[in-house]
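One structure is given here, and the rest of the page talks about it.
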Amino acid sequence: MTTSFGAANTVIPNNPNIRIRSFNGLKPSHSLSIRTNLRAFPVPYASRSSVVRAVSTPVKPETETKTETKRSKVEIIKEQSNFIRYPLNEELLTDAPNVNESATQLIKFHGSYQQYNRDERGAKSYSFMLRTKNPCGKVSNQLYLTMDDLADQFGIGTLRLTTRQTFQLHGVLKKDLKTVMRSIIRSMGSTLGACGDLNRNVLAPPAPLVRKDYLFAQKTAENIAALLTPQSGFYYDMWVDGEQIMTAEPPEVVKARNDNSHGTNFPDSPEPIYGTQFLPRKFKVAVTVPTDNSVDILTNDIGVVVVSDENGEPQGFNLYVGGGMGRTHRLETTFPRLGEQLGYVPKEDILYAVKAIVVTQRENGRRDDRKYSRMKYLISSWGIEKFRSVVEQYYGKKFEPFRQLPEWEFKSHLGWHEQGDGGLFCGLHVDNGRIAGKMKKTLREIIEKYNLNVRITPNQNIILCDIRKAWKRPITTALAQAGLLLPRYVDPLNITAMACPSLPLCPLAITEAERGIPDILKRIRAVFEKVGLKYNESVVIRVTGCPNGCARPYMAELGLVGDGPNSYQIWLGGTHNQTTLARTFMNKVKVQELEKVFEPLFYYWKQKRQTKDESFGDFTNRMGFEKLQELVEKWEGPAKATARYNLKLFADKETYEAVDELAKLQNKNAHQLAIEVIRNFVASQQNGKGLSCISQQAASLIKAPPIAA
């Protein structure tokens, strides 16, 4: 027998007589019997007598003893949990401030992570982070006010907006979990499935535009979220004593979930799609419209794009599959990956197509080693053609050819915009998504006073919706007083920057991200000024404290990924519209030495770009990393420009030379001194001191008696 090895050590038999063990959904240890009723599908490149339904090792001949496929510890915990209940239900009743290892894994499915403050020494001070589930980033007025209250009463006094359009609430104590969860649920919110091995929050463009394509994308995102929501009731059993506080589901969602015409469901299970084992790992979906890449469409397990006709009527969807960001340092078999084209489906089939993709991952994704359990590794192993063929067995149809799309653009949706229904929306930049202090107080006052709904963006920002035109002026004034500025007043570097929370609460963090990025951005701005880049020139910068990639650093033009204490791995080559994967440029760069890398990179970008419009990401890809590394190694500082007078400030060369001589006495150049004097003059005029002040300053600069005004 011969075998070939794909990515992630996947073994694929070349001998068509060898069969690979099927994964049929693992039976729970209790008496409930689960039947899979999943039919086999043909291997594209083998005879029809062979079947492949799982990534595994070849099964020995039938005459020999079969050995059970290896499973990770989490798979066993899920199997024995009675659908994500035990032992979490018992652990929540104890007086301990934390829960045990099994419950720590299970509570993720309920939307929570157990954490402790890593800044504190001594005994661990445990708390829980709660993450909401908000398809499209939609947050009702009632839910926003509830989250704001909970942050003050049970959290650390802040709200965190995430890169998947949700809230994170940090610092909740175990004894308060049920109260907090119940409050969220009763405010028509949810945390169900915000974490864990199942479908996470479904992204969609956050803009509340009354346009057919945007509305259709958002409705589709909500339907996909409903389709893939757990059905066994464990969430409501745990937090509201079994009371299910839910709105009615659209009939097309119920129909698609219950359909088992192509062997997708566990017919006797309370979880018809997930079974006892749920998915091998997290699963991420995004929906958008052509050109709008506010959702980082290619980084998702499934990317869904609305396709409309010439009249703007949605007709169907293009599908991308296999994106994902997470990786492990120094393990080259783990990697970030962009989604690739799967095909096109008519609009009425989208839920069935999505379900078929999810089931393909459920049945074939690796469950032995969680580092390789994301769907991107399955597709990398199989190839897109085989993956498409397998999905089509569960879909029941062939995918149509992928429809042509225009170029993608990053759209922040910040600032004031018409909604299209007579109302306005206002997108507000929130540094790193952290709502705190005066900003938090003012946002609450505005949202409460005007009864506004809000949207969370995939770039950690917030949108105020349904604003009457008469409210624009007072809202703008109140926001500005709280430091929530319109985008034209925000540093362009900050507009596109993102960072994960990282230290002190994330247990995976290696170094700083959210707490470190403000200083990093200031230092990059200083480098821009030093090498002569203009203020309105910008670079997409993303920082994460570990390689898991929550802030999607592998799509950035400049990505900083924590790889040691106060140390970053530097990634270059992403693009402004988030369609190109960055690559590793340097390892183990200490935070205090970042300028040694930034200065030459930005200097040569300014000096050697082919056009003024060539972005930093495009420049680094064109130059090549070998050449860039050579420039960094040989860097000795910017070339000193030859002295020349500035015609904008000096009418003649003699005046320039005179001011230049005075400037040298203070280690300045003529331009810097002239600007300083002009600024002081303007200030003196505003203070009513007139020309005497400027005369005194000029005199002090040349150490001479004051000139009479």
Side-chain angles (χ1 to χ4, degrees), residues 129 131-132 134 136-139 141 143-145 147-148 150-152 155-170 201 203 205-208 294-296 410-417 425-448 450 452-465 467 475-502 505 512-522 538 540-544 550-552 556:
M129 180 272 284
R131 183 185 294 155
T132 59
N134 309 93
C136 319
K138 290 184 177 181
V139 180
N141 178 270
L143 180 58
Y144 184 92
L145 298 178
M147 296 301 297
D148 184 81
L150 292 174
D152 291 337
I156 59 174
T158 69
L159 284 172
R160 183 60 151 73
L161 312 178
T162 79
T163 58
R164 291 204 71 80
Q165 297 182 275
T166 67
F167 287 115
Q168 284 186 178
L169 184 65
H170 292 91
N201 197 51
L203 304 188
S294 57
V295 299
D296 263 354
F410 168 71
K411 297 189 177 183
S412 70
H413 300 296
L414 298 180
W416 286 95
H417 302 273
F425 72 87
C426 182
L428 299 168
H429 174 74
V430 180
D431 279 336
N432 305 307
R434 183 69 67 180
I435 297 177
K438 188 174 182 181
M439 176 197 303
K440 180 173 176 293
K441 181 175 181 292
T442 301
L443 274 177
R444 190 216 167 87
E445 290 172 351
I446 291 171
I447 291 167
E448 190 169 31
Y450 297 100
L452 303 180
N453 298 317
V454 306
R455 305 267 179 103
I456 301 170
T457 84
N459 249 53
Q460 305 172 320
N461 297 318
I462 193 167
I463 294 175
L464 306 182
C465 307
I467 302 171
I475 287 176
T476 301
T477 301
L479 291 171
Q481 291 173 348
L484 282 158
L485 304 175
L486 296 178
R488 65 176 178 270
Y489 300 120
V490 179
D491 189 321
L493 291 174
N494 291 60
I495 290 290
T496 54
M498 291 200 297
C500 68
S502 193
L505 293 176
E512 297 286 359
E514 179 184 340
R515 295 193 303 193
I517 196 173
D519 182 61
I520 289 172
L521 292 176
K522 289 176 184 176
S538 187
V540 177
I541 301 164
R542 296 177 176 178
V543 183
T544 57
C550 293
R552 303 190 286 273

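For clarity, every value in this text was computed on a predicted model and none was experimentally measured.
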- Message: Within the 4.5 Å heavy-atom criterion, are T476 and W416 side-chain neighbours or not?
- Response: yes

- Separation between CD1 of I435 and CD of Q460, rounded to the nearest 0.5 Å: 11.0 Å

- Message: Do Y144 and L452 make a side-chain contact, defined as non-hydrogen atoms from C-beta onward lying under 4.5 Å apart?
- Response: no

- Task: Heavy atoms only: give me the nearest F410-T496 pair and the separation to one decimal.
- Result: CE2-CG2, 3.9 Å

- Without swapping roles, check the side chain of D491 against the backbone of L493 for a donor-acceptor pair under 3.5 Å. yes

- Hey, does L464 have a side-chain heavy atom less than 4.5 Å from the side chain of I447? yes

- Query: Side chain of R542, backbone of C550: donor and acceptor closer than 3.5 Å?
  - Reply: no

- Message: With heavy-atom distances below 4.5 Å as the criterion, would you say the side chains of T162 and F167 are in contact?
- Response: no

- Item | P492 backbone acceptor or donor facing S538 side chain under 3.5 Å | yes

- Query: Is a side-chain donor or acceptor of S412 paired with a backbone partner of L414 at a separation under 3.5 angstrom?
  - Reply: yes

- Query: CZ of R164 to CG of D296: how many Å apart, nearest 0.5 Å?
  - Reply: 9.5 Å

- Value rounded to 0.5 Å, distance of CG in L203 from CG in N134: 11.0 Å

- Query: Between P458 and R552, which heavy-atom pair has the shortest distance, and what is it?
  - Reply: O-NH2, 2.9 Å

- Using modelled atom types only, decide if a donor and an acceptor are shared between the side chain of E514 and the backbone of A499 within a distance under 3.5 Å. no

- Task: Taking all non-hydrogen atoms of both residues into account, name the closest pair between R131 and T166 and its distance.
- Result: CG-OG1, 3.5 Å

- Beyond-backbone contact of P205 with K411, side-chain heavy atoms, under 4.5 angstrom: no

- Message: I'd like to check K440 versus D152 (side-chain heavy atoms, cut-off strictly below 4.5 Å). Are they in contact?
- Response: yes

- Message: For the residue pair T158 / R434, report whether a side-chain donor-acceptor contact shorter than 3.5 Å exists.
- Response: yes

- Message: Once rounded to the nearest 0.5 Å, what's the spacing between atom OG1 of T457 and atom CD1 of I462?
- Response: 9.0 Å

- Item | L443 vs L479 side-chain heavy atoms within contact, under 4.5 Å | yes

- Measuring from I467:CD1 to Y450:OH, what's the distance to the nearest 0.5 Å? 9.5 Å

- Straight-line distance of M147 CE to L169 CG, nearest 0.5 Å: 5.0 Å

- Query: So, the side chain of N453 versus the backbone of N141: is there a donor-acceptor pair under 3.5 Å, distance only?
  - Reply: yes

- Where is the tightest heavy-atom contact between R455 and C136, given as atom of each residue plus distance? CD-O, 4.2 Å

- Query: What are the two closest non-hydrogen atoms of Q165 and P206, and how far apart are they?
  - Reply: NE2-CB, 3.7 Å

- Message: Which heavy atom of C465 sits nearest to which heavy atom of P208, and what is that distance?
- Response: SG-CG, 3.8 Å

